[in-house]
J.: 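Mind having a look at this structure? Questions to follow.
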Amino acid sequence: MNFNKIDVEKMPKHFDSAGKEKQWAKFWEENNIYAYNPAYNPAYNPDKLHEDTFIVDTPPPTVSGSLHIGHVFSYSHTDFIARYNRMKGKNIYYPMGWDDNGLPTERRVQNYYNVHCDKNAHFIENFIENFTPDKNGNPLNICRQNFIELCSLLAREDEKIYKQLWQRLGLSIDWKEEYSTIDVNSRKIAQYSFIDLYSKGHLYMSNAPIMWDVDFQTSIAQAEIEDRMLAGEMFRILFFTEALNETVEIATTRPELIPACVGVVVNPSDKRYEHLRGKTLITPLFGVKVPVITSDLVDVEKGTGIVMICTFGDVTDVTWWRENNLLLRQVLGFNGRFQAIRFGEKGWESIDSAKANECYSRLQGKTIFSAKKEMLEMLKSDKPSWQHLYALQSEPAKLERMVKYYEKGDKPIEFIPSRQWFVKILDKKEELLQKGEQIAWEPHFAKIRFEEWTKNLAFDWNISRQRYFGVPIPVWYPIDDNGAILFEQPILPAADRLPIDPTIDTPAGYQASQRDKNGGFTSEPDVFDTWFTSSLTPQLNSKWIFDENRHKKLFPATIRPQSHEIIRTWAFYTIVKAHLHENTIPWERVLISGWILDPDRKKMSKSKGNVETPEIWMDHYTADGVRYWAAKAKLGVDTAFDINVMKNGARLVTKLFNAAKFVLAHEGQSAEIVNELDKAFIQELRGLVLRVSKYLDGFDHASALQEAETFFWNIFTDSYIELVKKRAAVENSNAQQRNSAITTLRIGLEVILKLFAPFLPYITEEIWSWSFAAEKNEKSIHLSSFPTVSDLEAIKTPDYSQSYKLALSLLNDIKRYKALNNLSYSSNIPKINLEIGSESLQIYQLLQDDLVAYGRIENVQITDSSSKEASFV
RNA sequence: GGGAGCUUAGCUCAGCUGGUUUAGAGCAUCUGCCUUACAAGCAGAGGGUCGGGGGUUCGAACCCCUCAGCUCCCACCA
């Protein structure tokens, strides 16, 4: 066979990365290069899952503005794995989802369009069509439904931009398998998940103190909490004994909650307060009698060793309140302001109601911040007639303390009793840990994180959110004839009605007119926590009960790539769901990418303002160059952002471009490989293929790339090509030797291209198209098969490793000789001595022509050396 | 307080279950070479007592102990 020769004269001097990236991205999409084929395996056997299918549970990025270089980093890692397995002949299921429901989108919509969601606003028909945002005036009040329309609109726009970036980066996603976490299928599946969990007894509704964000006015799950260090003050407040003649000093950081005080607690071993146990104390200003209880949770060293229990100051308050059946005195409203209450009424008894109400009136309607100021003022300078001392007499002590925040919020979370749906998980720690055992975690420490989180779970999973842009909880409640809502008798829809919106749809057996009427029904107003939906991504892909055949093929998934900070959320909840629904694992393997750190070794994130825009780096260093940078980092390892690595990637792209031009410009014929050096090179190539495959099979893309790169640079371009240059030249009249070299060069290039293809999809596709595409009858390198050693089986024996070693060593001698003598490489060496043992001499003679031609050596003086090493001196 | 990861050349990192490493790569530095694939290149050179200190071993960057520093997760709100 004659090789197709490329015409170098007609080729551009440099690789036009920007133009070629566009061209090939379009080519891949138009030719369905990355499409999942559901009918791929005719002999499909559900009992032998994943024999030829490789299912990626792609992370759906939050659609709320822009992607940063950290996304590029981790999504590239997934793509290397997908591309490698595609070339290994696997049927790749590699979708892309968009996580568009939830708070980030809501907040962005509010700012972007200057609107505000108001439950009382009326619905506007054809709202979007006629809507022009007024960005300067007061926010426009719109109803939930119109608000959701805007959320979807903006999300779609953001998704387009994200998709462009992913395509430019060359992610081999099947864009026919695109979903969003708010689309019809996702709503169906999330709601079915609820129904299934309910029927299996894993759900309960509870009116209990939950973590609440007063700004967003929604409940928050444990996983969404983060701790922040806050400067605070510790006040010492006087409580009074029942006889009103003695005082007890109680330390608190939250004096504004004194009206919510329901008890006082001391450590049972604390001698100082022995006399108070079982007695009653009276709160300052409000004159409320509260019991003194004991608990081991009290630290005798902290504060005064005596703690006031409020409903609710913190999570231990909740514990004490629950364990001791204390009263509920809720002063804080859902909006974070002090709500209306009356002292003297049931549950609010006071020894001086009039004064208590006078004091409280100064707090009512205030936020926590201003109520605290007001309260301190009163404690210092006001006192009821029964108080013989002001309750606050000392200056506060400054302290730094950790306070719980909603991770997206600006004010500390509060504990407020509210009706919420929960998934029971606290009783399933053991089972969940066992599921963790069945999953392969890469790197291994990710599993330890999962286990630590699971062991330390403190709350069941609160899945209710009091928000708008989310999947509605598919529940109605009957209203009895007296107007009471029967929360304990929820009405759930049948699976075939899904998705529903209970605020619009009517439950079976009712008329729409019965909504919110006595004897009728009312709807659950809340939506799901976004994790409730995103914990179902494997099922969103497989369609679950809505397409059972597909579900059998696509569930569980093969890999779940993600980053480590969401092990406790996304990974954890996904494991919870698969366990509770089908008693299985959601995927075989979790792959964790590290973080990108800025040069100060802080995590790069938008809020810290140190994020680099990915497009800029692709403009500068090509998409392949950016991917190269990502590929240099092992899974799980945090990496500093370093443009020098991208620069190096771009350098590799250029080198490939030039080396390929050189190799493919040689005219010649496919021929038997007869030359010793060529055979030795092929054997080296075999070793390379083995090593790269081994690393990629073990999800170590960094080492795989390193191997390929070192080989390409050191063995291929700087050694083999240099040595055979003369022999492969058209001037060489020995056709057998020339064709042997040209054939070997082509094999080398083809194998190397394929090894690089998962990492550098653009440059490898470009080179592939020059002549291999036609020769091999495969239009895309990404559809070609990954090299195996058996492809190179012909050159297996005898062992040529000594030959290549000798060639390399002598080549380096020549280079060093010229470098040390400041000789130009085009200069001739009139005479050189070769010291060589008799064993090597035979091999040398087979290599001599190439070596002598490379070094332009006119005369070699051979000296017998007793040492085994051979060298030019 | 509990858990995890990290500390190797000026910088970014390899070195995985101790012995082809008298410690490697790329970048950066210095020196030489326009060699018709590539100066967006090639070659050569310098540079590290592997965070400190102990120990185990014939042998330790690697295993154990200890100290120090950095990062993250969880707990700690009186």
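The shown structure was predicted, so the numbers you read here are calculated from the model rather than taken from an experiment. So that the names make sense, note that chain A is the first sequence line, chain B the second, and so on, each numbered from 1.
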J.: Would you say B/A4 has OP1 or OP2 under 4.0 Å from some side-chain N or O of A/Lys447?
T.: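 For A/Lys447, the contact criterion (side-chain N or O under 4.0 Å from OP1 or OP2 of B/A4) is not met.
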J.: Given atom NZ of A/Lys726 and atom P of B/U35, what is their separation to the nearest angstrom?
T.: 12 Å
J.: Tell me what A/Ile721 touches on the nucleic acid: a base, only sugar-phosphate, or nothing, going by heavy atoms under 4.0 Å.
T.: base
J.: Does A/Glu414 come within less than 4.0 Å of A/Arg254, counting only side-chain N to carboxylate O?
T.: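 Salt bridge between A/Glu414 and A/Arg254, a charged N being under 4.0 Å from a carboxylate O: yes.
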J.: Between A/Lys13 and B/A37, is there a contact of a side-chain N or O with OP1 or OP2 at under 4.0 Å?
T.: no
J.: Determine which nucleotide pairs with B/G44, using a 3.5 Å limit on both distances of a Watson-Crick or G-U wobble pair.
T.: B/C30
J.: In whole Å, what separates the P atom of B/C33 from that of B/G18?
T.: 48 Å
J.: Does atom CD of A/Glu667 have more than 12 heavy-atom neighbours from other groups under 6.0 Å away?
T.: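 No.
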J.: I want to check one thing: is the phosphate of B/G26, taken as OP1 and OP2, less than 4.0 Å away from some side-chain N or O of A/Trp713?
T.: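 No, because none of the side-chain N or O atoms of A/Trp713 sits under 4.0 Å from OP1 or OP2 of B/G26.
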J.: Does CZ in A/Phe445 sit with more than 12 non-hydrogen atoms of other residues, nucleotides or ligands closer than 6.0 Å?
T.: yes
J.: CG of A/Asn456 versus C1' of B/C74: gap in Å, rounded?
T.: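 Going from CG in A/Asn456 over to C1' in B/C74 covers 6 Å.
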J.: Between P on B/A40 and CG on A/Leu656, what's the gap in Å once rounded to a whole number?
T.: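 Taking atom P of B/A40 as the reference, CG of A/Leu656 is at 18 Å.
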J.: Should the side chain of A/Lys655 and the base of B/C38 be counted as holding a donor-acceptor pair, with the cut-off at 3.5 Å?
T.: yes
J.: Remember a base hit wins even if backbone is also touched, and classify A/Lys634 as base, sugar-phosphate or nothing at under 4.0 Å, heavy atoms.
T.: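 Sugar-phosphate only.
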J.: Pick base, sugar-phosphate or nothing for A/Lys302, based on heavy-atom distances below 4.0 Å to the nucleic acid.
T.: base
J.: Classify the nucleic acid contact of A/Glu709 as base, sugar-phosphate or nothing, counting any heavy atom under 4.0 Å across all strands shown.
T.: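 No contact at all - A/Glu709 keeps every heavy atom at 4.0 Å or more from the nucleic acid.
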J.: Could you give the distance from CZ (A/Phe15) to CG (A/Asp624), rounded to the nearest 0.5 Å?
T.: 6.5 Å
J.: Do you know which of A/Leu664, A/Thr743, A/Val663 makes side-chain contact (heavy atoms from CB on, under 4.5 Å) with A/Phe3?
T.: A/Thr743
J.: Base, sugar-phosphate, or nothing: which does A/Asp718 touch, judged by heavy atoms less than 4.0 Å apart?
T.: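 Sugar-phosphate, no base atom in range.
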J.: Is there a side-chain polar atom (N or O) of A/Arg449 under 4.0 Å from OP1 or OP2 of B/G5?
T.: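 Checking A/Arg449 against B/G5: no side-chain N or O falls below 4.0 Å of OP1 or OP2.
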J.: Measure from NZ or CZ of A/Lys634 to the centre of the six-membered ring of A/Phe699 and say whether it is under 6.0 Å with the direction within 45° of the ring axis.
T.: no
J.: Check the distance between B/G26's C1' and A/Trp629's CH2 and give it to me in whole angstrom.
T.: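 These atoms are roughly 16 Å apart.
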J.: For a quick check of understanding: with a heavy-atom distance under 4.0 Å over all strands, which category does A/Ser827 fall into, base, sugar-phosphate or nothing?
T.: nothing
J.: Ignoring backbone atoms, test whether A/Lys455 places a side-chain nitrogen or oxygen under 4.0 Å from the OP1 or OP2 oxygen of B/C74.
T.: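 No, because none of the side-chain N or O atoms of A/Lys455 sits under 4.0 Å from OP1 or OP2 of B/C74.
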J.: Under 4.0 angstrom, heavy atoms only, what part of the nucleic acid is A/Thr654 near: base, sugar-phosphate, or nothing?
T.: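 Base contact - A/Thr654 has a heavy atom under 4.0 Å of at least one base atom.
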J.: In Watson-Crick or G-U wobble terms, both distances under 3.5 Å, what is the partner of B/G24?
T.: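 Across all strands, the one nucleotide that pairs with B/G24 is B/C13.
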J.: Across the strands shown, which category fits A/His564 at heavy-atom distances under 4.0 angstrom: base, sugar-phosphate, nothing?
T.: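 Touches nothing.
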J.: Base, sugar-phosphate or nothing for A/Asp314? Non-hydrogen atoms, less than 4.0 Å.
T.: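 Answer is base: heavy atoms of A/Asp314 come under 4.0 Å of a base.
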J.: Just to be sure I understand the rule, does A/Val265 reach a base, reach only the sugar-phosphate, or reach nothing, if contact means heavy atoms closer than 4.0 Å?
T.: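 Nothing: the residue A/Val265, judged by heavy atoms under 4.0 Å, touches no strand.
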J.: Applying a 3.5 Å limit to both distances, which nucleotide forms a Watson-Crick or G-U wobble pair with B/A4?
T.: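 B/A4 is paired with B/U71.
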